[in-house]
Structure formats: C-alpha cells, structure tokens
Amino acid sequence: MGSLQKDHELENEMVSVTNPLDSEELRRQGHMIIDFIADYYKNVEKYPVRSQVEPGYLSKRLPESAPNNPEPIEKILQDVQEHIVPGITHWQSPNYFAYFPSSGSIAGILGEMLSTCFNVVGFNWMSSPAATELESIVMDWLGEMLTLPKPFLFSGNGGGVLQGTTCEAILCTLVAARDQVLRNIGRENITKLVVYGSDQTHSAIQKAAQIAGINPNNFRAIRTTKSSLFGLTPDSLLSTIKSDVEAGLIPFFLCATIGTTSTTAVDPLGPLCKIAKKHSIWVHVDAAYAGSACICPEFRHFLDGVEDADSFSLNAHKWFFTTLDCCCLWVKDPSALIKSLSTYPEYLRNKASESKLVVDYKDWQITLSRRFRSMKLWLVLRSYGVTNLRMFLRSHVKMAKTFEELVASDKRFEIVVPRNFALVCFRAVPSVIKLR
Ligand SMILES: *Cc1c(COP(=O)(O)O)cnc(C)c1O
C-alpha cells in the first residue's frame with residue numbers, strides 16, 4: 001500500500017473521531033439502522049419468542065477484547081443480526097405473553113431517537129428549558145386525561161415528573177414521606193417508622209424501604225385473601241396500624257396498588273386513604289400497569305379515592321406505547337420531594353433557579369443528570385391522540401374478556417379471580433384433566 005493512500009485512510013479515520021457527529025455520516029449510518037429496525041419488526045414473528053441460547057453463549061462468539069481499529073457499521077450490524085438477535089427475548093413479538101406488556105410503538109421509538117439526538121442533560125431548567133417545560137406540560141396533559149384531581153397537577157400546585165421506573169418513583173416518595181415525619185419527631189426515631197403494603201404489593205416497596213433505612217422489622221406486607229379478591233382490606237390495615245401504634249411504633253407510609261402484579265387486584269383507595277389520613281400516613285398509589293387504562297372513562301372508577309392520596313404513579317413504558325423507561329409520577333406536594341432530594345452546589349447556581357419561577361427536576365428524583373423522556377411521551381400523545389389511545393387500551397381489554405369467556409366455558413380450566421383489565425388469571429383443574 002502506498003504511503004499516500006495510507007495517510008488518506010488515516011485521515012478518514014481521524015475525521016470520524018474528531019467529528020463524531022458528522023451529519024452526512026450520521027445520515028448514512030442512521031438510515032441503515034432504521035432499515036435494520038424496520039426489517040426486525042417485519043420478521044419478528046419468525047424468531048422463537050424466548051431466546052434459545054445457553055448461559056455464557058455470547059462470550060463464545062465475541063472477541064476477547066475491544067477492537068483496536070474502527071469497524072464499519074455494516075460489519076457491526078451483521079454481528080447484531082448473527083449474535084445478538086439469537087440472544088434476544090422478543091418482548092415486542094405479537095406472540096409474547098410473559099409478565100406485563102412492554103408496549104413499543106413507532107412514536108415511542110422515534111421519540112426516543114429525538115430525545116437521544118439532542119442528548120441534553122436536563123438537570124435543571126436552565127440546562128435545557130424545553131426538556132423541563134415539555135415534561136411539565138405532558139404531565140399535566142396526561143394528568144387531565146386521567147382526570148387526576150387538580151392538586152396533583154401543576155395547574156393545582158402539585159405536579160408531575162418522569163422517573164425511570166416505578167422503583168425509583170416509590171423510593172423518592174417514601175424518602176419524602178420519611179423526612180416529613182422525621183422533621184417533626186426527630187431523626188433518631190427512624191427505627192420506629194412503619195411501612196404498609198399488602199402481600200400483593202410489588203417488591204419495589206420493600207426495596208425502597210431497605211434503601212431508605214427503614215427497620216426491616218417494620219415492613220408490613222398485610223395478608224390478603226381470595227375472598228377480598230386479593231385487595232388490601234381496610235379492616236386488616238386498621239388492625240395492623242393499631243397494634244403497631246400500641247407497640248410504640250410510628251406508621252408513616254402506605255403503598256396502595258391499582259392492578260397488582262400477580263392478579264391485577266385493586267386496593268380500595270377511598271377507605272384505605274381515610275384510615276391513612278387519620279394516622280398522618282403518606283399514601284402512594286402504584287398503578288404501574290393498570291393506570292393507563294384509567295384514561296378510559298369506563299375504567300376511571302378504579303382510581304376513585306385517589307383524591308385523598310399523596311402521590312400516584314403509572315408506567316408509560318408498560319401499556320402506553322412509550323419505550324422503556326418512562327414512569328409518570330404525580331405528587332400533591334412537590335416541596336416534600338424537594339426537601340428530601342435537593343442539593344444546590346455552587347456550580348449549579350443560576351438566576352432562573354433563584355427566581356423560583358422554574359422547575360428544577362434534579363430535585364424531584366435520585367439522580368442529577370436526567371434524560372429528555374418527555375419527548376417520547378409527547379410524541380406518543382400527539383401521534384395517537386387520546387381517542388386512539390383509548391381505543392388501543394379497550395381493544396386489549398376486549399381481547400382479554402373474550403379469552404376469559406372462552407376459558408370459563410371450558411371445564412378443564414377455571415378462572416381464579418375475575419378479570420379487571422387485560423390480564424386473565426386461570427388455571428388447569430387437575431381432577432378434570434386426570435379424567436381425560
Ligand atoms: C411493573 C410493576 C412495578 C415495577 O415497575 P418498574 O418500572 O419495573 O420499577 C411496580 N408495581 C407494579 C404494580 C407493577 O406492575
């Protein structure tokens with residue numbers, strides 16, 4: 001190879017490093033990636049839904065170290081197809097029925113691209129005003145779609161924030177509630193604080209309690225039964241609280257669930273909140289999966305009583321066309337979050353923050369740096385519109401209803417608990433199966 005040609009090649013490689021956002025190169029590679037993604041979805045039903053690989057399969061196929069020299073995107077994409085796709089469990093396949101849905105959509109994927117495109121680190125208002133303001137706007141939009149009570153919205157002195165996941169949302173609210181109590185009774189009393197949920201509450205609450213330094217003996221997973229359709233009964237909550245108070249403990253946090261993970265059970269918010277209020281307990285409502293359905297007027301009754309809760313969250317990345325991650329959290333009293341989660345180092349000081357006219361979302365969450373998640377939620381809301389989003393949710397519920405009827409009419413199976421949303425809990429009836 002002539003040294004001139006070598007120099008030229010070296011120069012080309014240098015270009016990609018010195019201008020990693022070269023627009024023409026981005027256009028060329030970007031189109032290839034979009035084509036790859038479109039082809040993936042075109043063929044997604046051809047793959048086994050569950051990956052068939054053995055543990056450790058990938059290290060057998062990939063080199064031991066990172067390449068020293070650049071490799072072309074064509075080669076990389078070929079490897080994605082050959083080595084990565086076989087190890088993918090195809091969550092977006094129409095034949096995927098595990099866990100809860102993870103609803104991707106064109107708007108979700110493209111919204112993600114746009115948010116990545118700007119790659120802003122929107123910790124406070126000044127670091128990217130649009131990222132903050134769009135988030136506040138879409139949270140009020142979605143809050144209104146859910147007919148959340150006004151005090152949860154910015155327009156009613158509350159407000160919404162996009163967290164990564166429900167685990168983070170619950171941790172943030174639990175910490176806010178913890179500090180609110182401890183400010184009154186003294187930090188040394190942290191060992192007396194008690195957290196309540198049911199045995200159906202998501203493990204996120206236990207994790208949050210662990211991280212927040214709650215005494216592990218003071219985590220109550222109150223027993224539920226089939227007779228109450230696995231909902232937390234007000235009586236059992238009340239008696240648990242009473243015995244804790246008698247023991248000198250201090251109840252401070254209840255996580256109620258709309259649509260539990262195992263059976264989509266619904267805790268009776270109204271009566272639970274009444275009891276909680278009497279004992280100054282912060283109530284968080286976890287509607288991670290089922291919350292989305294409540295934008296349909298016919299399902300909104302599941303949220304009855306939410307007006308007496310303190311915070312409410314749902315996962316737009318579950319059943320709302322928005323790619324992971326996107327957990328929507330609303331709080332009535334943002335200042336409670338801010339008191340627990342805010343820091344204001346010298347290098348972040350700015351006039352806008354000092355004016356108190358802006359939201360600095362870094363103070364509403366665990367991390368400082370944050371993604372521009374509202375972009376994808378905005379795209380979803382605009383690309384589908386409220387009417388079509390409702391239609392989409394209803395179509396899932398309708399399919400589940402049909403399935404439930406089919407199962408109920410077959411003697412080999414039984415419905416374990418009546419269906420609330422789009423999850424059907426059924427089981428084989430062993431005695432009947434044996435007879436066959
Ligand atoms: C899925 C789910 C969670 C956990 O959500 P992450 O976003 O993964 O943290 C919590 N609660 C309920 C009721 C869920 O369905």
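Throughout, numbering of the chain's residues begins at 1 and tracks the sequence. Just follow the structure's listing: the first ligand is 1, and inside any ligand the first atom is 1.
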Identify every side-chain donor-acceptor pair in residues 105-120 under 3.5 Å, counting partners at least two apart or on other chains, and give the distances.
{"unit_1": "S105", "atom_1": "OG", "unit_2": "G108", "atom_2": "N", "d": "2.9"}
{"unit_1": "S105", "atom_1": "OG", "unit_2": "F321", "atom_2": "O", "d": "2.6"}
{"unit_1": "E112", "atom_1": "OE1", "unit_2": "T323", "atom_2": "OG1", "d": "2.7"}
{"unit_1": "E112", "atom_1": "OE1", "unit_2": "K376", "atom_2": "NZ", "d": "2.8"}
{"unit_1": "E112", "atom_1": "OE2", "unit_2": "R371", "atom_2": "NH2", "d": "2.1"}
{"unit_1": "T116", "atom_1": "OG1", "unit_2": "E112", "atom_2": "O", "d": "2.8"}

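Within 4.0 Å of ligand 1, protein heavy atoms belong to F100, T165, T166, C167, H202, T257, G259, T261, D286, A288, N315, H317, K318, listed by chain and number.
D244 and R220 are joined by a salt bridge, as a carboxylate oxygen and a charged side-chain nitrogen come within less than 4.0 angstrom of each other.
Under the side chain to side chain donor-acceptor pair (under 3.5 Å) criterion, S128 pairs with no residue, sequence neighbours left out. Residues satisfying the side chain to side chain donor-acceptor pair (under 3.5 Å) test with T173, not counting sequence neighbours, are none.
Each of I214, N218, I281, V194 was compared with F252 under the side-chain contact (heavy atoms from CB on, under 4.5 Å) criterion, and only I214 meets it.
Aromatic pair W91/Y99: centroids less than 6.0 angstrom apart.
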